Every structure is written in structure tokens, then in C-alpha cells.
Amino acid sequence: MNPDLSAELDVLAEADERARRYVAGIGRRPVFPPDDALRNLRQFDEPLPQRGEGALATLRLLDEYGTPATVESNGGRYFGFVVGASLPAAAAADRLVLAWDNGALGHVTSPAAAAVERVAGRWLLDILDLPRDSAVGFTTSATAGTLIAVATARRAALKRLGWDLDRRGLGGAPQIRVVVSELAHVAVRKALRVLGFGADNLTVAPADEHGRIDPARLPELTSATILILQAGEVNTGDCDPFDQIVPRARTAGAWIHVDGAFGLWARASAHRDLTAGVDGADSWTVDGHKWLNTPYDTAMVIVRDAAALAESMNSDAAYSIASADSQKNLTFEFSRRARGVSVWAALRSLGRDGVADLVERTVAMSTQIAAGLREAGYTVHNRVVLNQIIASGATDAETVRVISAAQESGRTWFGGGVWRGRRVLRISVSSWRTRPQDVRDLIDLLGELRRQHRLQSADDHLLPDR
Ligand SMILES: *Cc1c(COP(=O)(O)O)cnc(C)c1O
């Protein structure tokens with residue numbers, strides 16, 4: 001064999017072996033890395049080598065000092081943010097895609113990727129029960145998907161008003177209003193900011209005690225409005241009442257976008273009623289890398305008017321003309337990773353039943369955690385309809401201490417937040433690896449911490465507000 005090729009195969013085998021060791025060790029390391037592992041990250045702080053250090057030595061350094069300083073989010077005891085782990089089929093498919101190294105802009109650069117992503121898109125519309133002739137773009141994130149969807153919505157709204165955005169730009173264009181929930185995710189606010197919708201141009205829709213837009217207080221909608229709804233609020237997990245809001249918005253002629261980063265997956269399960277009426281919207285974003293448990297950089301933007309998305313994201317040039325459903329004409333990227341392949345692999349390996357089971361199992365565990373927390377004396381602030389739990393101890397200071405102690409324990413990791421002025425701990429159950437034992441361990445730990453930190457509450461006034 002050609003010696004270069006043989007060296008390459010050695011490196012791949014080494015990477016494979018080290019990756020397998022990492023996965024085999026899941027559940028046995030601290031969930032957040034200890035201080036010595038963090039200090040050792042200094043090992044990476046070296047000058048750029050003049051002469052290359054070689055592939056094997058480079059890989060070894062990464063594993064030796066990188067691995068111990070990872071967070072075990074690819075495990076069952078991590079309950080922070082809404083992250084999910086990686087399903088074996090999805091992670092393995094991504095590895096094969098790496099070997100292909102096809103830029104997946106369309107058929108011309110990868111017939112395989114184009115075909116598989118087309119099927120993944122079709123299956124996605126099927127499992128989420130969204131309009132079947134929508135276009136599906138595989139993007140890096142729900143943030144990017146929202147940017148794409150809102151840019152498409154604005155372009156379409158201006159077109160209806162007789163304004164050609166592509167030619168005339170935004171200067172002097174008719175005003176398009178955006179209505180968002182007071183609890184819209186920061187990623188949505190960022191997408192709007194980047195698109196030039198300043199905070200003062202947003203009309204904020206008040207939310208109820210479950211974190212859902214209150215239909216009785218919905219601002220006025222017109223055909224020059226983009227209304228952004230939410231499936232899965234990051235604190236409560238609740239969904240806006242689509243069946244009450246969507247018909248009104250449609251009658252007004254507004255464009256309805258739904259941020260369903262994780263919550264839209266409820267639709268693939270016995271909890272689908274939470275999302276009743278969501279299929280009446282015009283566009284949706286949903287992540288693969290959260291609840292579907294694909295590797296990172298995998299999300300979808302879905303637009304009912306396929307032509308509107310393909311026109312808005314068109315990147316055809318004389319040397320590269322592709323069909324309207326080529327991914328380069330549905331997303332930002334021209335050169336791109338075939339990120340839809342891991343979605344295809346996840347859906348094919350789980351099937352409809354497996355996805356429903358993943359969602360239903362994690363929701364059931366969330367309900368169990370909420371019950372355990374109540375029993376341990378915490379106040380649970382949401383009604384736990386999906387996979388999010390927010391809870392607090394007797395005082396803000398106690399809650400903050402419990403969060404830090406849990407993070408430092410190495411036995412779990414979750415973060416905190418603020419809900420209606422109270423400090424809360426935020427727990428999200430979104431990993432396919434989370435087992436009943438992980439849930440029991442979490443409840444036990446939180447019980448212990450509550451007992452320890454309640455004893456200190458007399459000192460609360462001494463603590464700086466963090
Ligand atoms: C995570 C999240 C986002 C952002 O998604 P990314 O894929 O991380 O960009 C947006 N909205 C909600 C509700 C989320 O939970």
C-alpha cells in the first residue's frame with residue numbers, strides 16, 4: 001500500500017480507538033471537568049509550529065489534554081440547557097460523511113448527499129406532520145434557521161407590497177412589523193437584530209403564567225406583520241396556543257414563523273396535542289442537535305412556500321446553477337457539510353416509534369424529577385408538559401448555592417435562570433442516554449443539597465447577589 005495512505009489509515013484507526021474509549025467511559029467521569037484537567041489545558045498554549053508535528057502526535061495531544069477537560073454532555077447525567085447526546089447511528093453516519101468529504105451544495109458535488117438530504121427532508125415533514133410540499137434547509141442551528149426564515153418572510157411581505165428587496169434593498173422600503181413573545185428565545189432576538197429589526201421595532205406579545213403568548217392580549221396583526229411563535233419555551237417547555245393564534249394571524253395575512261428548536265418534537269409523540277394548529281404556520285425552525293440527539297451543527301428551517309425560500313436563499317452563478325431544492329439554495333452556505341445525513345440516520349435508525357419513545361421517555365422522566373423535587377421541598381414553577389423543569393429552594397441564595405454545589409459535585413450538571421423574578425435551577429431532560437438510575441441519582445443529590453443548604457439559609461443576607 002502507498003505509505004501515505006497507510007499512515008492515514010493508522011491515524012483514522014487511532015482516532016477511532018480513542019473515540020471508542022471516550023464513549024466507553026461515559027458515565028464514569030465527572031460531568032464537568034475537575035480543576036486539574038482545566039489547568040492542563042495550558043498544554044495547548046504553544047506557539048504555532050514551524051515544522052508540522054505530524055498527525056498522530058497531534059491527535060494524541062488532543063485526546064490526552066482535551067478529553068479530560070470535556071463536559072460529559074454526550075451522557076445521561078447532563079441536564080443543562082437543552083442539548084441531547086449523539087445517537088450512535090447519527091454519530092457514525094457523520095463519521096462516514098467526513099470520509100466522503102463532499103461539499104453538499106447539491107447533486108453536482110454529491111449525488112449521495114443530495115439524495116439522502118432530500119429523503120431526510122421528506123421524512124421530517126412526515127414525522128412532524130407539517131405541509132408536505134414545504135422546503136427543508138439543513139442549517140447549522142435554529143439561530144441560522146430563524147435568520148433564514150425571517151429574511152424569507154420579510155422578502156415575501158415586501159414583494160406583496162410591491163417592493164423588490166433584491167433590487168432596491170431596505171432603504172425606503174415599506175415598514176414590516178415583527179411581533180414576538182416577551183419570552184422569545186435570545187437566538188430569535190439576535191436573528192432579528194442581525195436582520196435590522198431593532199428592539200424598538202419589535203412589538204412584544206405578553207405571555208401567561210405558563211410562558212405562552214396570551215391570545216387575549218395578542219397585538220394587532222396585518223399583512224405587513226411577521227409573527228414569531230414558540231414551541232417549547234426554554235424555562236417552562238410550554239407551547240404558544242397555536243390553534244387560537246394561527247387562524248387569526250392567517251386571516252390578517254401575517255407571516256407566521258415558529259421557533260420550535262426543541263419543542264416541535266412533541267409533535268412526533270403522544271404529546272402532539274400541545275402543538276395543535278402549528279401546521280398552519282408559514283415557516284418553522286427545529287434543531288436536530290437537541291432533542292433528536294444528532295451531533296452538533298444540525299438544524300432545519302422549513303418553509304411552506306418552497307419557492308419563497310429558494311428565491312430568498314438563491315446562490316446560483318454562471319458556473320454553478322442548481323435546482324431550486326439544492327441545499328445551497330435553501331441555506332446560507334455555498335460549500336457545506338451534508339448535515340442532513342445525521343438527521344436521516346437518526347430517523348431511520350429510530351423509526352417513528354423510536355422517536356416517539358425518545359420524546360415520551362424523556363418527558364416521563366421530567367415529570368418524575370419534578371415530583372422528586374417537590375418531595376425534597378423545592379418549589380417547582382412550571383407544569384412540566386415537556387422536558388423542562390424550573391424549581392427553586394426557599395430563597396434565591398439557597399437556589400444559587402444548590403446550583404453551584406450540583407455543578408461542582410461532578411455527579412450532574414445543570415444551570416440556572418430567572419423565572420418571574422426568582423432564581424431557579426433549570427433542568428432539561430433531552431438525552432437518549434438518560435436512564436431511570438440517572439434520574440434517581442439526580443433526585444437523591446438534589447435532596448442532599450437541599451438539606452445541606454437549607455441549614456445555611458440564616459446566612460443568606462451575607463451572600464453577594466450572583
Ligand atoms: C436552543 C434554542 C434556540 C437556538 O437554537 P440553536 O440551534 O442553539 O441556535 C432557539 N430557540 C429555542 C427555544 C431554543 O431552545
Side-chain angles (χ1 to χ4, degrees), residues 71 73 78-86 90 124 128 136-151 178 180-195 202 205 207 210-213 226-240 242 256-267 271 274-275 278 281 283-302 331-333 336-337 339-340 342-343 346 359 362-363 366 382 385-390 414-417 419 424 426-431:
V71 171
S73 48
Y78 186 83
F79 301 95
F81 306 100
V82 191
V83 305
S86 272
L124 185 77
L128 297 180
V136 179
F138 291 95
T139 68
T140 50
S141 62
T143 308
T146 303
L147 202 67
I148 291 170
V150 176
V178 176
V180 286
S181 168
E182 64 171 302
L183 293 172
H185 193 276
V186 63
V188 168
R189 292 178 185 273
K190 172 172 162 181
L192 291 169
R193 194 176 74 224
V194 170
L195 286 168
L202 305 181
H210 302 301
R212 308 171 303 177
I213 290 180
I226 300 169
L227 169 65
I228 302 184
L229 303 178
Q230 182 161 248
E233 200 277 328
V234 287
N235 297 290
T236 64
D238 235 307
C239 298
D240 288 334
F242 304 113
I256 309 157
H257 175 70
V258 178
D259 171 17
F262 66 92
L264 212 47
W265 289 105
R267 216 165 155 70
H271 304 285
L274 265 182
T275 66
V278 79
S283 57
W284 304 262
T285 40
V286 61
D287 274 318
H289 53 215
K290 290 181 178 173
W291 218 351
L292 186 61
N293 282 249
T294 67
Y296 279 102
D297 276 10
T298 304
M300 285 68 73
V301 57
I302 303 167
T331 60
F332 282 129
E333 293 83 11
R336 59 183 289 282
R337 199 168 72 78
R339 43 180 56 88
S342 70
V343 174
V359 171
T362 39
V363 173
S366 305
N382 64 325
V385 287
L386 277 188
N387 56 352
Q388 309 299 308
I389 304 131
I390 44 173
F414 55 79
W419 178 250
V424 290
R426 278 187 58 219
I427 292 173
S428 166
V429 190
S430 25
S431 169

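Indexing begins at 1, ligand by ligand and atom by atom, following the structure's order. As the structure is a computational prediction, the values presented were derived from the model and not from experiment.
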**Student:** Below a 4.0 angstrom heavy-atom separation, can you tell me which part of Phe262, side chain or backbone, both or neither, approaches ligand 1?
**Tutor:**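 Answer for Phe262: side chain.
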
**Student:** With backbone taken as N, CA, C and O and side chain as the heavy atoms from C-beta onward, which portion of Ala187 lies under 4.0 Å from ligand 1: side chain, backbone, both, or neither?
**Tutor:**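 The side chain, only.
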
**Student:** Is there side-chain contact between Trp284 and Leu128, with at least one heavy-atom pair below 4.5 Å?
**Tutor:**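 No, too far: nothing below the 4.5 Å cut-off.
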
**Student:** Ignoring hydrogens and angles, tell me if any N or O in the side chain of Asp287 forms a donor-acceptor pair with the backbone of Phe262 under 3.5 Å.
**Tutor:**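 A pair under 3.5 Å: no.
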
**Student:** Per the side-chain contact (heavy atoms from CB on, under 4.5 Å) rule, which among Asp240, Val258, Val188, Thr285 passes with Ile228?
**Tutor:**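 One option only clears the test, and that one is Val188.
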
**Student:** Taking the side chain as every heavy atom from C-beta outward, state whether Leu147 and Phe332 have any atom pair closer than 4.5 Å.
**Tutor:** yes

**Student:** Ligand 1 versus Glu233, non-hydrogen atoms closer than 4.0 Å: side chain, backbone, both, neither?
**Tutor:**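 Within the 4.0 Å criterion, Glu233 makes no contact with ligand 1.
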
**Student:** Looking at Gly232, which atoms of ligand 1 are within less than 4.0 Å of one of its heavy atoms?
**Tutor:**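 Listed by number with element: 13 (C).
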
**Student:** Can you pull out the closest protein heavy atom to atom 6 (P) of ligand 1? Residue, atom name and distance to 0.1 Å, please.
**Tutor:**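 Checking every protein heavy atom, the shortest distance to atom 6 (P) of ligand 1 gives Ala142 N, 3.5 Å.
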
**Student:** At under 4.0 Å between heavy atoms, which part of Ala261 makes contact with ligand 1: side chain, backbone, both or neither?
**Tutor:**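 The part of Ala261 near ligand 1 is the side chain, not the backbone.
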
**Student:** Do you know which two heavy atoms are closest between Val82 and Gln388, and how far apart they sit?
**Tutor:** CG2-NE2, 3.7 Å

**Student:** Show which atoms of ligand 1 fall inside a sub-4.0 Å distance from at least one heavy-atom site of Asp287.
**Tutor:** 5 (O), 6 (P), 7 (O)

**Student:** For atom 9 (O) of ligand 1, which of Thr143, Asp297, Thr146 has the closest heavy atom?
**Tutor:** Thr143

**Student:** Mind checking whether Gln230 and Ile213 have side chains closer than 4.5 Å, heavy atoms only?
**Tutor:** no

**Student:** What protein heavy atom sits nearest atom 13 (C) of ligand 1, and how far off is it?
**Tutor:** Asp259 OD2, 3.4 Å

**Student:** Okay, side chain of Glu182, backbone of Ala207: is any donor-acceptor separation there less than 3.5 Å?
**Tutor:** yes

**Student:** How far is atom 3 (C) of ligand 1 from its nearest protein heavy atom, and which residue and atom name does that atom have?
**Tutor:**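 Looking at atom 3 (C) of ligand 1, the protein heavy atom closest to it is Lys290 NZ, 3.3 Å.
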
**Student:** At a 4.0 Å cut-off, with the gap strictly under it, does some heavy atom of Val82 reach an atom of ligand 1?
**Tutor:** no

**Student:** Would you call Val343 and Thr298 a side-chain contact if the rule is heavy atoms closer than 4.5 Å?
**Tutor:**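 Yes, their side chains come closer than 4.5 Å.
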
